[in-house]
S.K.: 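Before anything else, here's the structure in question.
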Amino acid sequence: MISIHDLQFAYADGQFSLKIPELQFTSEKSVVIIGPSGSGKTTLLNLMAGILPVPSGRITIADTAVHTLNDSERRLFRLRNIGMVFQDFQLIEYLNVVENVLLPCRIHPSISLTADLRRRAEELLNSCGLKPLLQRSITLLSQGERQRVAICRALLLSPGIILADEPTGNLDPVNSERIVRLLLEESSRANATLIMVTHDHSLLPLFERIVPFTQFLEAVHPETSRP
Ligand code: ADP
Ligand code: MG
């Protein structure tokens with residue numbers, strides 16, 4: 001269960017603000033958010049993940065009132081509950097492919113690296129077609145390969161919530177569908193909720209619920225909704 005109420009957020013330079021009166025995900029296990037570039041989709045995922053603090057309003061995720069947490073509490077909440085696929089991947093360039101996927105174990109306060117987790121990392125990479133690249137440096141990968149590494153990293157610890165920010169943005173149609181099916185399968189196996197942002201309309205039918213982000217734009221810029 002994820003609920004957002006009266007959320008208002010603005011970047012410090014005042015150029016962009018986001019206003020979401022109400023948005024709830026109750027029983028849906030797969031949600032896709034679609035909307036124009038620059039409309040605040042990444043900002044919303046960062047607020048839900050606790051990367052950005054919530055300045056006004058409420059975000060409650062799995063019984064945690066994220067808006068009440070301080071910086072270190074939000075970080076811990078994220079490590080324990082959220083698998084994040086960043087739009088810009090955020091891979092560590094001095095680590096190889098499998099080490100990047102195993103990174104959540106290194107930074108998690110109570111999970112240590114076991115043979116089982118190493119095997120899981122390898123299996124995830126295998127299912128993304130990256131088996132031959134396990135030991136390769138991140139700097140030698142294509143954008144699409146980096147994106148798939150970022151997805152494996154988000155899935156490693158079977159988080160309850162997977163937030164995937166345009167995870168197919170750099171992939172061809174065959175790999176796009178393969179990756180979305182992997183995200184859906186893994187989230188269903190972990191009984192997790194998958195919230196994915198995309199521009200790709202062909203992927204929408206794979207999801208239980210479609211959220212058009214434009215509804216929030218109209219709340220922020222009412223003039224855009226006038227004829
Ligand atoms: P989307 O993911 O829908 O493309 P974003 O959430 O990335 O949109 O960005 C929404 C708006 O906020 C854009 O106009 C972007 O330029 C602006 N923005 C994003 N990050 C920052 C930041 N750190 N500081 C100031 N403005 C930002
Ligand atoms: Mg974005």
Side-chain angles (χ1 to χ4, degrees), residues 1-5 22-34 41 44-51 58-69 73-87 100-130 147-168 176-198 200 203-211:
M1 165 85 174
I2 298 175
S3 72
I4 297 173
H5 285 99
E22 188 178 349
L23 179 61
Q24 296 206 55
F25 306 117
T26 45
S27 55
E28 312 89 315
K29 287 296 182 187
S30 63
V31 176
V32 64
I33 297 177
I34 189 148
K41 304 179 300 298
L44 174 61
L45 293 193
N46 286 340
L47 286 161
M48 288 167 70
I51 293 166
R58 289 169 283 144
I59 297 184
T60 304
I61 297 182
D63 296 330
T64 300
V66 178
H67 54 281
T68 64
L69 306 180
E73 289 166 340
R74 289 201 314 278
R75 184 170 181 277
L76 203 54
F77 162 79
R78 182 162 66 255
L79 280 169
R80 292 206 167 119
N81 299 284
I82 308 252
M84 185 95 178
V85 184
F86 294 94
Q87 192 165 13
N100 263 279
V101 175
L102 290 168
L103 197 65
C105 312
R106 290 205 191 192
I107 54 182
H108 198 289
S110 52
I111 292 180
S112 42
L113 179 52
T114 59
D116 278 352
L117 277 172
R118 190 167 278 279
R119 204 170 311 115
R120 172 156 170 80
E122 291 177 8
E123 279 165 13
L124 284 167
L125 286 161
N126 188 23
S127 51
C128 289
L130 294 176
Q147 193 151 41
R148 285 180 273 162
V149 175
I151 288 164
C152 294
R153 184 180 60 185
L155 295 173
L156 181 78
L157 299 180
S158 304
I161 292 163
I162 298 162
L163 302 177
D165 199 354
E166 304 203 30
T168 63
S176 285
E177 184 156 341
R178 176 184 191 180
I179 286 301
V180 172
R181 288 196 186 281
L182 176 74
L183 280 167
L184 288 163
E185 268 166 37
E186 286 291 329
S187 49
S188 128
R189 187 174 314 167
N191 198 25
T193 302
L194 170 64
I195 300 183
M196 183 179 118
V197 168
T198 188
D200 187 346
L203 300 171
L204 303 186
L206 299 172
F207 286 78
E208 270 176 65
R209 177 165 165 205
I210 302 170
V211 175

S.K.: Tell me, with the steps shown, if Leu183 and Leu155 meet side-chain contact (heavy atoms from CB on, under 4.5 Å).
M.R.: CA-CA 8 Å; Leu183 280 167; Leu155 295 173; 4.2 Å; yes
S.K.: Show the nearest heavy-atom pair for residues Cys128 and Arg178, with the distance to one decimal.
M.R.: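 Taking Cys128 first and Arg178 second, the nearest heavy atoms are C-NH2, 3.7 Å.
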S.K.: Atom CD1 of Ile161 and atom NZ of Lys29: how far apart are they, to the nearest 0.5 Å?
M.R.: 8.5 Å
S.K.: For the CG atom of Asp165 and the CE atom of Met196, what is their distance to the nearest 0.5 Å?
M.R.: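 It is 10.0 Å, given to the nearest 0.5 Å.
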S.K.: Does Lys41 reach the side chain of Val211, with side-chain heavy atoms less than 4.5 Å apart?
M.R.: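 SC-SC contact between Lys41 and Val211 ruled out.
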S.K.: If every non-hydrogen atom of Met48 is compared with every non-hydrogen atom of Ile59, which pair is closest and at what distance?
M.R.: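 Residues Met48 and Ile59, closest heavy atoms: N-CD1, 4.2 Å.
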S.K.: Evaluate the criterion side-chain contact (heavy atoms from CB on, under 4.5 Å) for residue pair Leu45 and Gln87; output intermediate values, then yes/no.
M.R.: CA-CA 10 Å; Leu45 293 193; Gln87 192 165 13; over 6 Å; no
S.K.: Working note: Glu186 + Arg189, criterion salt bridge (charged side-chain N to carboxylate O under 4.0 Å, His left out); need CA distance, chi angles, decisive distance, verdict.
M.R.: CA-CA 5 Å; Glu186 286 291 329; Arg189 187 174 314 167; 3.5 Å; yes
S.K.: Can you see which heavy atom on Leu156 is nearest to which on Leu117, and at what distance?
M.R.: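 Of all heavy-atom pairs spanning Leu156 and Leu117, the closest is CD1-O, 3.8 Å.
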S.K.: Step by step, work out the side-chain contact (heavy atoms from CB on, under 4.5 Å) result for Ile195 and Ile2.
M.R.: CA-CA 11 Å; Ile195 300 183; Ile2 298 175; 3.6 Å; yes
S.K.: On a heavy-atom basis, which atom in Pro167 and which in Ile179 lie closest, and how many Å separate them?
M.R.: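 Smallest interatomic distance, heavy atoms only, reads O-CG2, 4.3 Å.
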S.K.: Do Arg106 and Leu113 come close enough that some side-chain heavy atom pair is under 4.5 Å?
M.R.: no
S.K.: How about Leu44 and Leu23: do any of their side-chain heavy atoms sit closer than 4.5 Å?
M.R.: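 A side-chain contact under 4.5 Å exists here.
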S.K.: Got a second to check how far Glu28's CD is from Leu194's CG, nearest 0.5 Å?
M.R.: 12.0 Å
S.K.: Nearest heavy-atom pair of Leu157 and His108: which atoms, and what distance?
M.R.: CD1-CD2, 4.0 Å
S.K.: Can you list the steps and then say if Leu184 with Phe207 is a side-chain contact (heavy atoms from CB on, under 4.5 Å)?
M.R.: CA-CA 9 Å; Leu184 288 163; Phe207 286 78; 4.2 Å; yes
S.K.: Specify the closest pair of heavy atoms between Glu208 and Ser27, including all atoms of both residues, with the distance to one decimal.
M.R.: OE1-O, 4.3 Å
S.K.: If I take atom CG from residue Leu124 and atom CZ from residue Arg148, how far apart are they, to the nearest 0.5 angstrom?
M.R.: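 The CG atom of Leu124 sits 13.5 Å away from the CZ atom of Arg148.
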S.K.: So does Glu122 pair up with Arg119, basic N to acidic O under 4.0 Å?
M.R.: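 No.
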S.K.: From His67 NE2 over to Arg58 CZ, what is the distance, rounded to the nearest 0.5 angstrom?
M.R.: 6.5 Å
S.K.: Within this structure, what is the CZ-CG distance for the pair Arg120 and Leu102, rounded to the nearest 0.5 Å?
M.R.: 11.0 Å
S.K.: Do Leu163 and Asn46 have side chains that approach each other closer than 4.5 Å (heavy atoms only, starting at C-beta)?
M.R.: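 The answer is no; the side chains never approach within 4.5 Å.
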